[in-house]
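Contents: one structure, followed by commentary.
Throughout, protein chains are lettered first and strands after them, A, B, ... in sequence-line order, and every chain is numbered starting at 1.
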Amino acid sequence: MLELDRIEAGYGSVQILNGVTLGVERRRIVALLGGNGTGKSTLLKTVSGLLKPWRGAVRFDGERIDGLRPDRIVQRGLVQVMQGKEAYPAMTVEENLRLGGYLVGNRNQLHRSFERVYEYFPRLAERRRQLSATLSGGELQMLCIGRGLMSQPKMMLLDEPSAALAPQIVLDIFRIIGRICREGMTLLLVEQNVRMALLLAEYAYVLRDGSVHLEGSAEALINDDNVRLSYLGGGADAVVAVRA
Amino acid sequence: MDYLIDLVIVGLSLGMVYGLVALGISFIYSGLDIVHFAHGEIYMVGAFLGVTVLNLTGLNYPALIVVAMILTGAIGVVIERLFYRRLTREGGGISFAGMGIIIAGFGISMVLQNIAFLIWTAKAVPFPVRFGLPLEIGELMVPRSYLWIVAVTLILMVMLHAFLKYTRLGLAVRAVAHNKDIAYLMGINVPMMISLLFGVGCAMGAAAGVLIGPINYVQVSMGIGILIKAFAAAVVGGFGNLPGAVLGGLLVGVVESLGAGYLSGNYKDIYAFVLLIVVLMVRPSGLLGITVKAKA
(Lines give C-alpha, C1' and ligand atoms only; values in the text may rest on other atoms or scores of the structure.)
Protein backbone atom coordinates (compact mmCIF):
# COMPACT_ATOMS: atom_id res chain seq x y z
CA MET A 1 0.00 0.00 0.00
CA LEU A 2 2.83 2.37 0.90
CA GLU A 3 6.25 2.10 -0.68
CA LEU A 4 9.31 4.21 -0.14
CA ASP A 5 12.02 3.86 -2.73
CA ARG A 6 15.51 5.12 -1.85
CA ILE A 7 14.25 8.26 -0.16
CA GLU A 8 16.80 10.97 0.55
CA ALA A 9 15.70 14.03 2.47
CA GLY A 10 16.88 16.64 4.93
CA TYR A 11 16.70 20.23 6.10
CA GLY A 12 18.62 23.00 4.36
CA SER A 13 21.90 21.40 3.38
CA VAL A 14 21.83 18.77 6.12
CA GLN A 15 20.91 15.36 4.82
CA ILE A 16 18.99 13.20 7.30
CA LEU A 17 17.68 10.29 5.25
CA ASN A 18 20.30 8.49 3.16
CA GLY A 19 18.17 6.33 0.92
CA VAL A 20 15.40 4.64 2.88
CA THR A 21 13.50 1.85 1.19
CA LEU A 22 10.54 0.28 2.94
CA GLY A 23 7.05 -1.00 2.32
CA VAL A 24 3.81 -1.41 4.21
CA GLU A 25 1.22 -3.90 3.07
CA ARG A 26 -2.50 -3.35 3.25
CA ARG A 27 -4.17 -3.97 6.62
CA ARG A 28 -0.89 -4.51 8.42
CA ILE A 29 0.83 -2.73 11.26
CA VAL A 30 4.44 -2.06 10.44
CA ALA A 31 6.72 -0.54 13.05
CA LEU A 32 9.47 1.94 12.34
CA LEU A 33 11.94 1.87 15.21
CA GLY A 34 15.03 3.75 16.20
CA GLY A 35 16.37 6.09 18.84
CA ASN A 36 16.41 9.86 18.89
CA GLY A 37 17.88 11.51 15.83
CA THR A 38 17.80 8.50 13.55
CA GLY A 39 15.45 10.14 11.08
CA LYS A 40 12.06 8.74 12.11
CA SER A 41 10.29 12.10 12.23
CA THR A 42 11.94 13.25 9.02
CA LEU A 43 10.70 10.12 7.34
CA LEU A 44 7.15 10.72 8.53
CA LYS A 45 7.22 14.31 7.31
CA THR A 46 8.51 13.16 3.94
CA VAL A 47 5.68 10.69 3.56
CA SER A 48 2.96 13.10 4.71
CA GLY A 49 4.27 15.84 2.42
CA LEU A 50 5.44 18.38 5.01
CA LEU A 51 8.93 17.82 3.66
CA LYS A 52 9.82 17.28 0.01
CA PRO A 53 12.26 14.41 -0.61
CA TRP A 54 15.47 15.30 -2.41
CA ARG A 55 15.57 12.04 -4.30
CA GLY A 56 13.59 8.83 -4.43
CA ALA A 57 9.91 8.06 -4.69
CA VAL A 58 6.96 7.60 -2.34
CA ARG A 59 4.11 5.55 -3.72
CA PHE A 60 0.70 5.20 -2.08
CA ASP A 61 -1.87 2.88 -3.57
CA GLY A 62 0.39 2.53 -6.59
CA GLU A 63 0.62 6.27 -7.30
CA ARG A 64 3.48 8.69 -6.72
CA ILE A 65 2.70 11.08 -3.88
CA ASP A 66 6.09 12.64 -3.27
CA GLY A 67 6.01 16.35 -4.01
CA LEU A 68 2.26 16.61 -3.47
CA ARG A 69 0.96 19.19 -1.01
CA PRO A 70 0.15 17.62 2.39
CA ASP A 71 -3.58 18.31 2.13
CA ARG A 72 -3.70 16.50 -1.22
CA ILE A 73 -2.08 13.47 0.40
CA VAL A 74 -4.70 13.53 3.17
CA GLN A 75 -7.31 13.67 0.41
CA ARG A 76 -5.96 10.42 -1.00
CA GLY A 77 -6.48 8.72 2.34
CA LEU A 78 -3.08 8.86 3.99
CA VAL A 79 -3.08 10.67 7.31
CA GLN A 80 -0.27 11.44 9.73
CA VAL A 81 -1.29 11.40 13.37
CA MET A 82 0.87 13.71 15.40
CA GLN A 83 1.85 13.29 19.00
CA GLY A 84 -0.72 14.21 21.64
CA LYS A 85 0.89 17.52 22.41
CA GLU A 86 0.01 18.70 18.90
CA ALA A 87 -3.73 18.95 19.54
CA TYR A 88 -5.08 22.49 19.19
CA PRO A 89 -5.12 23.58 22.84
CA ALA A 90 -7.47 26.54 22.45
CA MET A 91 -10.11 24.43 20.72
CA THR A 92 -12.55 22.00 22.23
CA VAL A 93 -12.29 18.26 21.74
CA GLU A 94 -15.17 18.44 19.31
CA GLU A 95 -13.58 21.25 17.30
CA ASN A 96 -10.34 19.30 17.07
CA LEU A 97 -12.22 16.29 15.74
CA ARG A 98 -14.20 18.48 13.37
CA LEU A 99 -10.91 19.70 11.93
CA GLY A 100 -9.78 16.11 11.48
CA GLY A 101 -12.91 15.61 9.39
CA TYR A 102 -12.36 18.85 7.50
CA LEU A 103 -12.40 17.10 4.13
CA VAL A 104 -15.57 15.15 4.87
CA GLY A 105 -18.19 17.20 3.08
CA ASN A 106 -21.16 14.97 3.68
CA ARG A 107 -23.05 15.57 6.93
CA ASN A 108 -24.03 11.94 7.44
CA GLN A 109 -20.51 10.72 6.88
CA LEU A 110 -19.19 13.30 9.31
CA HIS A 111 -21.71 12.14 11.87
CA ARG A 112 -20.60 8.53 11.35
CA SER A 113 -16.97 9.57 11.79
CA PHE A 114 -17.80 11.21 15.11
CA GLU A 115 -19.69 8.13 16.27
CA ARG A 116 -16.85 5.84 15.33
CA VAL A 117 -14.26 7.94 17.16
CA TYR A 118 -16.46 8.24 20.26
CA GLU A 119 -16.97 4.49 20.15
CA TYR A 120 -13.22 3.85 20.17
CA PHE A 121 -12.61 6.54 22.76
CA PRO A 122 -15.64 7.06 25.04
CA ARG A 123 -13.51 9.45 27.13
CA LEU A 124 -13.49 11.90 24.25
CA ALA A 125 -17.28 11.86 24.10
CA GLU A 126 -17.42 12.74 27.80
CA ARG A 127 -15.06 15.64 27.26
CA ARG A 128 -16.25 16.86 23.90
CA ARG A 129 -17.06 20.38 25.08
CA GLN A 130 -13.82 20.80 27.03
CA LEU A 131 -10.85 22.70 25.70
CA SER A 132 -8.20 20.21 24.75
CA ALA A 133 -5.73 22.14 26.91
CA THR A 134 -7.51 20.60 29.91
CA LEU A 135 -6.99 16.98 28.81
CA SER A 136 -4.48 14.53 30.28
CA GLY A 137 -1.59 13.20 28.21
CA GLY A 138 -3.38 9.95 27.44
CA GLU A 139 -6.57 11.74 26.44
CA LEU A 140 -4.62 14.05 24.16
CA GLN A 141 -3.09 11.05 22.43
CA MET A 142 -6.56 9.57 22.02
CA LEU A 143 -7.74 12.90 20.62
CA CYS A 144 -4.98 12.96 18.02
CA ILE A 145 -5.66 9.39 16.93
CA GLY A 146 -9.38 10.16 16.82
CA ARG A 147 -8.70 13.30 14.82
CA GLY A 148 -6.76 11.21 12.32
CA LEU A 149 -9.65 8.75 12.01
CA MET A 150 -12.17 11.49 11.31
CA SER A 151 -11.29 11.79 7.62
CA GLN A 152 -11.85 8.03 7.20
CA PRO A 153 -8.37 7.37 5.82
CA LYS A 154 -7.07 4.17 4.27
CA MET A 155 -3.81 4.41 6.13
CA MET A 156 -2.46 6.23 9.17
CA LEU A 157 1.07 7.15 10.17
CA LEU A 158 1.32 7.17 13.96
CA ASP A 159 4.07 9.31 15.45
CA GLU A 160 5.10 7.84 18.81
CA PRO A 161 1.70 7.25 20.38
CA SER A 162 3.43 6.06 23.55
CA ALA A 163 5.49 9.22 24.07
CA ALA A 164 5.49 10.49 27.66
CA LEU A 165 2.64 8.22 28.79
CA ALA A 166 2.32 5.83 31.74
CA PRO A 167 2.69 2.14 30.82
CA GLN A 168 -0.93 1.28 31.62
CA ILE A 169 -2.20 4.06 29.34
CA VAL A 170 0.19 2.99 26.58
CA LEU A 171 -1.28 -0.49 26.85
CA ASP A 172 -4.83 0.87 26.54
CA ILE A 173 -3.95 2.96 23.52
CA PHE A 174 -2.05 0.14 21.81
CA ARG A 175 -5.02 -2.17 22.32
CA ILE A 176 -7.21 0.29 20.46
CA ILE A 177 -4.61 0.75 17.73
CA GLY A 178 -4.66 -3.04 17.28
CA ARG A 179 -8.44 -2.96 17.03
CA ILE A 180 -8.37 -0.15 14.48
CA CYS A 181 -6.06 -2.24 12.33
CA ARG A 182 -8.21 -5.36 12.64
CA GLU A 183 -11.16 -3.30 11.47
CA GLY A 184 -9.43 -2.54 8.20
CA MET A 185 -6.76 0.14 8.71
CA THR A 186 -3.17 0.04 7.50
CA LEU A 187 -0.71 1.51 9.98
CA LEU A 188 2.87 2.66 10.07
CA LEU A 189 3.78 2.92 13.73
CA VAL A 190 6.80 5.02 14.59
CA GLU A 191 8.05 4.18 18.06
CA GLN A 192 10.88 4.45 20.50
CA ASN A 193 9.14 2.00 22.79
CA VAL A 194 10.49 -1.01 20.92
CA ARG A 195 9.09 -3.70 23.18
CA MET A 196 5.52 -2.43 22.90
CA ALA A 197 5.81 -1.76 19.20
CA LEU A 198 7.01 -5.28 18.49
CA LEU A 199 4.10 -6.72 20.46
CA LEU A 200 1.69 -4.95 18.12
CA ALA A 201 3.42 -4.90 14.74
CA GLU A 202 3.97 -7.84 12.46
CA TYR A 203 6.97 -6.42 10.68
CA ALA A 204 9.47 -3.78 11.65
CA TYR A 205 12.23 -1.62 10.26
CA VAL A 206 14.99 -0.30 12.47
CA LEU A 207 16.41 3.03 11.39
CA ARG A 208 19.92 4.14 12.17
CA ASP A 209 21.74 7.20 10.82
CA GLY A 210 19.05 7.80 8.25
CA SER A 211 18.91 4.39 6.64
CA VAL A 212 17.35 1.01 7.35
CA HIS A 213 19.74 -0.81 9.63
CA LEU A 214 17.66 -3.91 10.28
CA GLU A 215 14.34 -5.27 9.15
CA GLY A 216 12.33 -8.38 9.73
CA SER A 217 9.24 -9.88 11.25
CA ALA A 218 8.52 -8.80 14.80
CA GLU A 219 9.24 -12.30 16.03
CA ALA A 220 12.62 -12.43 14.37
CA LEU A 221 13.57 -9.03 15.72
CA ILE A 222 12.55 -9.83 19.28
CA ASN A 223 14.85 -12.84 19.16
CA ASP A 224 17.65 -10.98 17.46
CA ASP A 225 20.64 -10.50 19.74
CA ASN A 226 21.52 -7.10 18.29
CA VAL A 227 18.01 -5.79 18.86
CA ARG A 228 17.93 -7.23 22.37
CA LEU A 229 21.21 -5.63 23.20
CA SER A 230 20.60 -2.20 21.73
CA TYR A 231 16.86 -1.65 22.02
CA LEU A 232 15.16 -4.02 24.40
CA GLY A 233 17.34 -3.28 27.38
CA GLY A 234 17.84 -6.93 28.16
CA GLY A 235 21.53 -6.76 27.45
CA ALA A 236 23.21 -3.40 27.60
CA ASP A 237 21.04 -1.96 30.37
CA ALA A 238 21.53 -5.07 32.48
CA VAL A 239 25.28 -4.78 32.07
CA VAL A 240 25.19 -1.15 33.15
CA ALA A 241 22.97 -2.06 36.08
CA VAL A 242 25.34 -4.81 37.23
CA ARG A 243 28.39 -2.56 36.97
CA ALA A 244 26.69 0.17 38.95
CA MET B 1 -22.32 67.48 30.84
CA ASP B 2 -23.59 67.68 27.27
CA TYR B 3 -20.12 68.62 26.17
CA LEU B 4 -18.71 65.53 27.86
CA ILE B 5 -21.30 63.26 26.24
CA ASP B 6 -20.59 64.83 22.86
CA LEU B 7 -16.90 64.22 23.27
CA VAL B 8 -17.48 60.62 24.31
CA ILE B 9 -19.72 60.01 21.30
CA VAL B 10 -17.13 61.46 18.94
CA GLY B 11 -14.43 59.46 20.69
CA LEU B 12 -16.34 56.22 20.53
CA SER B 13 -17.13 56.55 16.83
CA LEU B 14 -13.57 57.46 15.90
CA GLY B 15 -12.45 54.73 18.26
CA MET B 16 -14.56 52.23 16.35
CA VAL B 17 -12.67 53.16 13.19
CA TYR B 18 -9.32 52.81 14.97
CA GLY B 19 -10.58 49.51 16.36
CA LEU B 20 -11.54 48.24 12.93
CA VAL B 21 -8.10 49.01 11.51
CA ALA B 22 -6.45 47.55 14.61
CA LEU B 23 -8.64 44.48 14.25
CA GLY B 24 -7.27 43.89 10.76
CA ILE B 25 -3.70 44.36 11.97
CA SER B 26 -4.20 42.05 14.93
CA PHE B 27 -6.02 39.46 12.84
CA ILE B 28 -3.21 39.33 10.30
CA TYR B 29 -0.58 39.21 13.03
CA SER B 30 -2.31 36.50 15.04
CA GLY B 31 -2.82 34.39 11.96
CA LEU B 32 0.29 34.89 9.90
CA ASP B 33 2.88 36.47 12.20
CA ILE B 34 3.01 39.41 9.80
CA VAL B 35 3.23 42.84 11.44
CA HIS B 36 1.49 44.60 8.62
CA PHE B 37 2.95 48.08 8.25
CA ALA B 38 1.14 48.76 5.00
CA HIS B 39 -2.27 48.53 6.63
CA GLY B 40 -2.74 52.30 6.71
CA GLU B 41 -2.41 52.39 2.93
CA ILE B 42 -4.90 49.54 2.61
CA TYR B 43 -7.30 51.76 4.57
CA MET B 44 -6.55 54.68 2.25
CA VAL B 45 -6.98 52.59 -0.89
CA GLY B 46 -10.26 51.27 0.50
CA ALA B 47 -11.54 54.82 1.02
CA PHE B 48 -10.54 55.90 -2.49
CA LEU B 49 -12.08 52.81 -4.05
CA GLY B 50 -15.25 53.71 -2.16
CA VAL B 51 -15.27 57.21 -3.65
CA THR B 52 -14.47 55.97 -7.15
CA VAL B 53 -17.09 53.25 -7.12
CA LEU B 54 -19.64 55.73 -5.82
CA ASN B 55 -18.85 58.19 -8.63
CA LEU B 56 -19.01 55.46 -11.25
CA THR B 57 -22.08 53.58 -10.12
CA GLY B 58 -23.96 55.67 -7.58
CA LEU B 59 -24.39 52.65 -5.30
CA ASN B 60 -25.88 53.19 -1.86
CA TYR B 61 -23.61 53.43 1.17
CA PRO B 62 -23.86 49.89 2.59
CA ALA B 63 -23.32 48.35 -0.84
CA LEU B 64 -20.37 50.69 -1.29
CA ILE B 65 -18.77 49.38 1.90
CA VAL B 66 -19.16 45.81 0.72
CA VAL B 67 -17.73 46.54 -2.74
CA ALA B 68 -14.76 48.46 -1.31
CA MET B 69 -14.10 45.61 1.11
CA ILE B 70 -14.14 43.00 -1.64
CA LEU B 71 -11.92 45.02 -4.00
CA THR B 72 -9.42 45.92 -1.30
CA GLY B 73 -9.47 42.39 0.07
CA ALA B 74 -8.55 41.15 -3.41
CA ILE B 75 -5.69 43.66 -3.60
CA GLY B 76 -4.53 42.40 -0.20
CA VAL B 77 -4.58 38.81 -1.43
CA VAL B 78 -2.39 39.74 -4.39
CA ILE B 79 0.05 41.67 -2.19
CA GLU B 80 0.36 38.78 0.25
CA ARG B 81 0.82 36.23 -2.50
CA LEU B 82 3.45 38.31 -4.32
CA PHE B 83 5.51 39.61 -1.41
CA TYR B 84 4.78 38.25 2.04
CA ARG B 85 4.41 34.60 1.04
CA ARG B 86 8.10 34.37 0.16
CA LEU B 87 9.12 35.90 3.46
CA THR B 88 6.80 34.05 5.84
CA ARG B 89 8.17 30.74 4.66
CA GLU B 90 11.27 31.52 6.70
CA GLY B 91 9.29 32.41 9.82
CA GLY B 92 7.76 35.66 11.01
CA GLY B 93 7.10 37.71 14.14
CA ILE B 94 10.26 38.66 15.95
CA SER B 95 12.52 36.27 14.05
CA PHE B 96 15.18 37.44 11.65
CA ALA B 97 12.78 36.93 8.75
CA GLY B 98 10.23 39.00 10.68
CA MET B 99 12.52 41.98 10.14
CA GLY B 100 12.30 41.44 6.39
CA ILE B 101 8.53 41.36 6.63
CA ILE B 102 8.48 44.72 8.40
CA ILE B 103 10.74 46.31 5.82
CA ALA B 104 8.66 44.81 3.02
CA GLY B 105 5.62 46.34 4.72
CA PHE B 106 7.12 49.83 4.60
CA GLY B 107 8.05 49.29 0.97
CA ILE B 108 4.57 48.17 0.03
CA SER B 109 3.14 51.14 1.91
CA MET B 110 5.29 53.54 -0.12
CA VAL B 111 4.43 51.86 -3.41
CA LEU B 112 0.70 51.94 -2.64
CA GLN B 113 0.91 55.62 -1.70
CA ASN B 114 2.59 56.48 -4.97
CA ILE B 115 0.21 54.41 -7.05
CA ALA B 116 -2.69 56.11 -5.28
CA PHE B 117 -1.05 59.47 -5.96
CA LEU B 118 -0.83 58.69 -9.67
CA ILE B 119 -4.45 57.61 -9.87
CA TRP B 120 -6.18 59.99 -7.48
CA THR B 121 -3.62 62.84 -7.16
CA ALA B 122 -2.72 64.55 -3.89
CA LYS B 123 -6.01 66.42 -3.64
CA ALA B 124 -8.21 65.77 -0.63
CA VAL B 125 -11.63 64.74 -1.90
CA PRO B 126 -14.86 64.79 0.09
CA PHE B 127 -16.74 61.53 0.28
CA PRO B 128 -19.89 62.48 -1.65
CA VAL B 129 -22.60 60.88 0.43
CA ARG B 130 -25.44 62.71 2.16
CA PHE B 131 -26.85 61.22 5.30
CA GLY B 132 -29.35 63.97 5.97
CA LEU B 133 -29.88 65.81 9.23
CA PRO B 134 -28.24 64.66 12.44
CA LEU B 135 -30.29 62.37 14.61
CA GLU B 136 -31.77 64.04 17.69
CA ILE B 137 -31.59 61.95 20.82
CA GLY B 138 -33.06 64.11 23.55
CA GLU B 139 -30.87 67.19 23.69
CA LEU B 140 -28.11 65.57 21.66
CA MET B 141 -27.52 65.96 17.97
CA VAL B 142 -25.65 62.96 16.64
CA PRO B 143 -24.47 63.07 13.01
CA ARG B 144 -25.71 60.06 11.15
CA SER B 145 -22.25 59.20 9.83
CA TYR B 146 -21.29 58.38 13.44
CA LEU B 147 -24.19 56.00 13.72
CA TRP B 148 -23.13 54.32 10.50
CA ILE B 149 -19.65 53.85 11.92
CA VAL B 150 -20.94 52.28 15.12
CA ALA B 151 -23.49 50.05 13.40
CA VAL B 152 -21.22 48.81 10.61
CA THR B 153 -18.30 48.17 12.94
CA LEU B 154 -20.47 46.20 15.33
CA ILE B 155 -21.92 44.14 12.47
CA LEU B 156 -18.46 43.39 11.07
CA MET B 157 -17.15 42.37 14.48
CA VAL B 158 -20.06 40.02 15.10
CA MET B 159 -19.68 38.57 11.61
CA LEU B 160 -15.97 37.96 12.07
CA HIS B 161 -16.58 36.32 15.41
CA ALA B 162 -19.35 34.10 14.05
CA PHE B 163 -17.24 33.19 11.03
CA LEU B 164 -14.30 32.11 13.18
CA LYS B 165 -16.38 30.36 15.78
CA TYR B 166 -19.16 28.61 13.92
CA THR B 167 -18.14 27.90 10.33
CA ARG B 168 -15.99 25.16 8.86
CA LEU B 169 -13.82 27.68 7.03
CA GLY B 170 -13.46 29.76 10.18
CA LEU B 171 -12.29 26.71 12.09
CA ALA B 172 -9.74 26.06 9.36
CA VAL B 173 -8.54 29.68 9.54
CA ARG B 174 -8.06 29.31 13.30
CA ALA B 175 -6.19 26.06 12.75
CA VAL B 176 -3.86 27.71 10.24
CA ALA B 177 -3.35 30.63 12.62
CA HIS B 178 -2.24 28.30 15.39
CA ASN B 179 -0.02 25.94 13.44
CA LYS B 180 0.29 25.56 9.69
CA ASP B 181 1.86 22.08 9.68
CA ILE B 182 -0.89 20.58 11.79
CA ALA B 183 -3.47 22.33 9.63
CA TYR B 184 -1.92 20.73 6.54
CA LEU B 185 -2.22 17.30 8.14
CA MET B 186 -5.93 17.93 8.69
CA GLY B 187 -6.25 18.19 4.92
CA ILE B 188 -6.67 21.96 4.97
CA ASN B 189 -5.57 23.88 1.89
CA VAL B 190 -3.22 26.09 3.89
CA PRO B 191 -2.14 28.51 1.12
CA MET B 192 -5.78 29.29 0.38
CA MET B 193 -6.53 29.93 4.06
CA ILE B 194 -3.55 32.28 4.28
CA SER B 195 -4.94 34.27 1.35
CA LEU B 196 -8.39 34.31 2.92
CA LEU B 197 -6.99 35.47 6.25
CA PHE B 198 -4.98 38.27 4.75
CA GLY B 199 -7.83 39.31 2.48
CA VAL B 200 -10.30 39.52 5.37
CA GLY B 201 -7.83 41.57 7.40
CA CYS B 202 -7.43 44.03 4.52
CA ALA B 203 -11.19 44.16 3.94
CA MET B 204 -11.61 45.31 7.55
CA GLY B 205 -9.20 48.16 6.86
CA ALA B 206 -11.12 49.13 3.72
CA ALA B 207 -14.39 49.23 5.64
CA ALA B 208 -12.78 51.60 8.12
CA GLY B 209 -11.63 53.81 5.24
CA VAL B 210 -15.11 54.06 3.76
CA LEU B 211 -16.59 54.74 7.20
CA ILE B 212 -14.21 57.59 8.03
CA GLY B 213 -14.67 59.11 4.57
CA PRO B 214 -17.80 61.15 5.29
CA ILE B 215 -16.20 62.62 8.46
CA ASN B 216 -12.73 63.40 7.15
CA TYR B 217 -11.64 64.03 3.63
CA VAL B 218 -10.18 61.17 1.62
CA GLN B 219 -6.55 61.77 0.71
CA VAL B 220 -3.41 59.86 -0.16
CA SER B 221 -1.62 60.70 3.09
CA MET B 222 -4.44 59.51 5.36
CA GLY B 223 -2.84 56.12 5.98
CA ILE B 224 0.06 57.12 8.20
CA GLY B 225 -1.95 58.74 10.95
CA ILE B 226 -4.39 55.89 11.24
CA LEU B 227 -1.61 53.29 11.16
CA ILE B 228 0.05 54.80 14.20
CA LYS B 229 -3.22 55.13 16.11
CA ALA B 230 -4.30 51.61 15.17
CA PHE B 231 -0.97 50.18 16.31
CA ALA B 232 -1.36 52.01 19.59
CA ALA B 233 -4.87 50.56 19.85
CA ALA B 234 -3.74 47.03 19.01
CA VAL B 235 -0.92 47.18 21.56
CA VAL B 236 -3.14 48.71 24.26
CA GLY B 237 -5.60 45.85 23.79
CA GLY B 238 -2.93 43.16 23.56
CA PHE B 239 -1.28 42.62 20.19
CA GLY B 240 -2.88 39.77 18.28
CA ASN B 241 -5.98 39.71 20.49
CA LEU B 242 -9.12 40.48 18.49
CA PRO B 243 -11.51 41.81 21.17
CA GLY B 244 -8.49 43.62 22.59
CA ALA B 245 -7.94 45.47 19.30
CA VAL B 246 -11.47 46.86 19.35
CA LEU B 247 -11.29 47.73 23.05
CA GLY B 248 -7.94 49.43 22.45
CA GLY B 249 -9.42 51.35 19.54
CA LEU B 250 -12.32 52.63 21.64
CA LEU B 251 -9.98 53.66 24.46
CA VAL B 252 -7.64 55.49 22.11
CA GLY B 253 -10.60 57.24 20.48
CA VAL B 254 -12.19 58.37 23.75
CA VAL B 255 -8.91 59.44 25.38
CA GLU B 256 -8.02 61.41 22.27
CA SER B 257 -11.40 63.08 22.10
CA LEU B 258 -11.48 63.99 25.80
CA GLY B 259 -7.91 65.25 25.66
CA ALA B 260 -8.66 67.40 22.65
CA GLY B 261 -11.84 68.72 24.26
CA TYR B 262 -10.60 69.50 27.77
CA LEU B 263 -6.86 70.00 27.45
CA SER B 264 -5.88 71.18 24.02
CA GLY B 265 -6.69 70.19 20.49
CA ASN B 266 -3.16 71.07 19.42
CA TYR B 267 -1.79 67.96 21.07
CA LYS B 268 -4.56 65.68 19.85
CA ASP B 269 -2.18 63.09 18.48
CA ILE B 270 -0.19 62.78 21.68
CA TYR B 271 -2.93 61.50 23.97
CA ALA B 272 -3.09 58.08 22.31
CA PHE B 273 0.57 57.58 23.10
CA VAL B 274 0.27 58.76 26.67
CA LEU B 275 -2.39 56.07 27.03
CA LEU B 276 -0.11 53.58 25.32
CA ILE B 277 2.78 54.35 27.65
CA VAL B 278 0.61 54.13 30.75
CA VAL B 279 -0.86 50.77 29.69
CA LEU B 280 2.55 49.38 28.83
CA MET B 281 3.89 50.46 32.21
CA VAL B 282 1.06 48.75 34.10
CA ARG B 283 0.40 45.79 31.82
CA PRO B 284 3.12 45.24 29.25
CA SER B 285 1.14 42.52 27.43
CA GLY B 286 -1.77 44.90 26.84
CA LEU B 287 -5.18 44.90 28.51
CA LEU B 288 -6.45 41.59 27.14
CA GLY B 289 -3.09 40.20 26.12
CA ILE B 290 -1.86 36.92 27.51
CA THR B 291 1.51 36.97 29.16
CA VAL B 292 3.49 34.72 26.90
CA LYS B 293 6.01 32.53 28.59
CA ALA B 294 9.12 31.72 26.65
CA LYS B 295 9.10 28.13 25.46
CA ALA B 296 10.98 25.73 27.69
Taking atom [atom1] of [X] as the centre, does the number of heavy atoms from other residues, nucleotides or ligands within less than 6.0 Å exceed 12?
X     : atom1 : value
A/E25 : CD    : no
A/Y11 : OH    : yes
A/R6  : CZ    : no
A/K85 : NZ    : no

Which atom pair, heavy atoms only, marks the closest approach of [X] to [Y]?
X      : Y      : value
B/A175 : A/M91  : N-CE, 3.7 Å
B/L171 : A/E95  : CD2-O, 3.7 Å
B/N179 : A/E86  : ND2-OE1, 4.4 Å
B/R174 : A/A90  : NH2-O, 4.2 Å
A/D71  : B/I188 : CB-O, 3.2 Å
A/Y102 : B/R168 : O-NH2, 2.7 Å

| task | Considering only heavy atoms and a distance below 4.5 Å, find which of A/L103, A/L99, A/V74 pairs most often with chain B. | result | A/L99
| field | chain B contacts, top residue of A/K45, A/R147, A/M150, A/R72 (heavy-atom pairs, under 4.5 Å) | value | A/R147
| task | Could you give me the CA-CA distance, side-chain angles and deciding distance for B/V190 and A/R69, then say whether side-chain contact (heavy atoms from CB on, under 4.5 Å) is met? | result | CA-CA 9 Å; B/V190 173; A/R69 235 175 36 211; over 6 Å; no
| remark: When rounded to the nearest 0.5 Å, the distance separating SG of A/C144 from CG of B/L185 is 10.5 Å
| At a heavy-atom separation under 4.5 Å, does A/L50 approach chain B through its side chain, its backbone, both, or neither? | side chain
| request: Below 4.5 Å from any heavy atom of chain B, which atoms of A/Q75 appear? Answer side chain, backbone, both or neither. | output: neither
